[in-house]
K.L.:
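Quick one: structure below, then a few questions.
Start at 1 and go down the list; that is how both ligands and their atoms are numbered.
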Amino acid sequence: MLYRAFCLVLLSVSTLALSPPASRTSPPAGAKIVRAGTSTSGEYSTFAAAVAALPNDSSSQTIFIYPGTYTGQVNIQRSGPVTVLGYSTNPGAYSANQVTLTASVGADTAGSNDASGTLRIHTNSVSIYNVNIRNGRGAGTQAIALSNYGDHVGLYACQLVGYQDTLLTNQGKHVYLQSYIEGTTDFIFGQLSQAYFEGNTIAVSGTGWITASGRASADAGIYLFSQNKVVLASSAPSGTKTYFGRPWRSKNFGLDCCIFETLIFVTDYARVIFKSTTVTAPLQTSLWSIWNTGDERTDHVTYGDYATSGSGVSSSASRPSWAPLLSSSAAAAYTLSSALGGDTAWIDKNYLI
Ligand SMILES: *[C@@H]1O[C@H](CO)[C@@H](O)[C@H](O)[C@H]1NC(C)=O
């Protein structure tokens with residue numbers, strides 16, 4: 001009996017532990033191969049060329065990328081599933097990544113947030129492993145590293161680096177696991193997605209806000225953070241402080257269809273939960289922020305944190321009335337499954353803690 005109980009404990013521990021592959025240094029059969037500077041027939045010297053070569057049908061396709069930096073924006077739009085594998089001798093750790101996709105386009109020149117994305121995902125069932133995705137535009141405008149509009153999209157041990165609006169997690173069900181996400185201003189943002197973040201390092205490179213949820217109605221959209229770290233990026237100036245977030249969408253005033261009729265759409269339904277976060281970057285005393293003075297956008301927000309700890313949390317931390325500290329039972333209701341409406345079979349569970 002005791003022995004059986006012992007084995008059950010061992011079993012449950014091992015099924016919970018991270019279990020990514022030990023290495024991934026060669027392409028699986030059938031993969032399209034990307035290799036910087038290649039002259040081998042059948043290989044592609046850019047990621048963009050490999051994506052363009054995928055058949056636009058319902059088949060599952062894989063792209064394997066050898067180490068290197070690949071410059072230019074790419075939009076994945078084919079209809080079937082796509083898996084992107086970055087070469088790695090340690091696929092569990094983003095810090096060992098050797099593949100970088102980079103561009104430096106801002107929304108000011110691109111015309112929209114989405115159009116500025118270094119990598120844009122506009123199809124469903126996409127999994128990306130061990131790839132760094134960077135927007136090098138820097139301060140001054142929205143400049144998205146990853147613009148994610150797909151359903152069932154998983155990022156596993158990736159690095160997303162930008163400054164303002166690094167990750168547009170806009171639409172669909174997404175997971176971001178064991179990854180690194182860096183920025184200063186509203187750097188995890190979007191409107192409709194159901195996004196789950198676990199085991200990530202969230203790196204703050206300047207004073208601003210981590211999230212800017214733009215949920216605009218009481219829909220299923222949510223950003224749920226569980227067991228992540230918030231750290232200072234190496235580039236952060238001294239005095240840097242951050243908030244968990246501020247609500248993006250607002251009351252919109254506008255003339256609509258009918259002459260002389262002004263419609264008011266109340267759309268401030270931001271929803272973000274931080275559970276069991278270890279914070280070493282200085283967190284503002286009040287943890288959460290209004291949008292702007294006189295345009296607070298807090299009417300219908302759902303904000304909360306639970307078991308926040310670490311040296312970045314002020315001993316005099318306080319929370320606004322619209323962003324309470326959650327009770328353990330309230331926090332327990334926010335799970336991977338609840339965030340994604342029970343739709344979790346598509347997730348690579350090897351990257352869950
Ligand atoms: C693939 O086909 C779909 C459906 O016909 C279309 O909407 C999409 O633009 C196509 N994508 C590409 C990359 O051609």
K.L.:
Can a side-chain donor-acceptor contact be found between S79 and S58 if the only test is distance below 3.5 angstrom?
P.N.:
no

K.L.:
Go through the steps for E43 and S45 under the test side-chain hydrogen bond (donor to acceptor under 3.5 Å, both in side chains), then give the verdict.
P.N.:
CA-CA 7 Å; E43 295 186 351; S45 61; over 6 Å; no

K.L.:
May I have a table of the N/O to N/O pairs between ligand 1 and the protein that fall below 3.5 Å, each row giving the two atom names and the distance to 0.1 Å?
P.N.:
unit_1, atom_1, unit_2, atom_2, d
ligand 1, 2 (O), N56, OD1, 3.4
ligand 1, 2 (O), N56, ND2, 2.4
ligand 1, 11 (N), N56, ND2, 2.8
ligand 1, 14 (O), N56, ND2, 3.2

K.L.:
May I ask you to check whether Y223 and F225 place their ring centers less than 6.0 Å from one another?
P.N.:
no

K.L.:
Apply side-chain hydrogen bond (donor to acceptor under 3.5 Å, both in side chains) to residues N148 and H174 and explain how you reach the verdict.
P.N.:
CA-CA 8 Å; N148 191 348; H174 306 161; 3.2 Å; yes

K.L.:
How would you list, by chain and number, every residue that makes a side-chain contact (heavy atoms from CB on, under 4.5 Å) with T335, sequence neighbours excluded?
P.N.:
S337, S338

K.L.:
Test the R24-Y129 pair against the cation-pi criterion, namely NZ or CZ under 6.0 angstrom from the six-membered ring centroid and within 45° of the ring axis.
P.N.:
yes

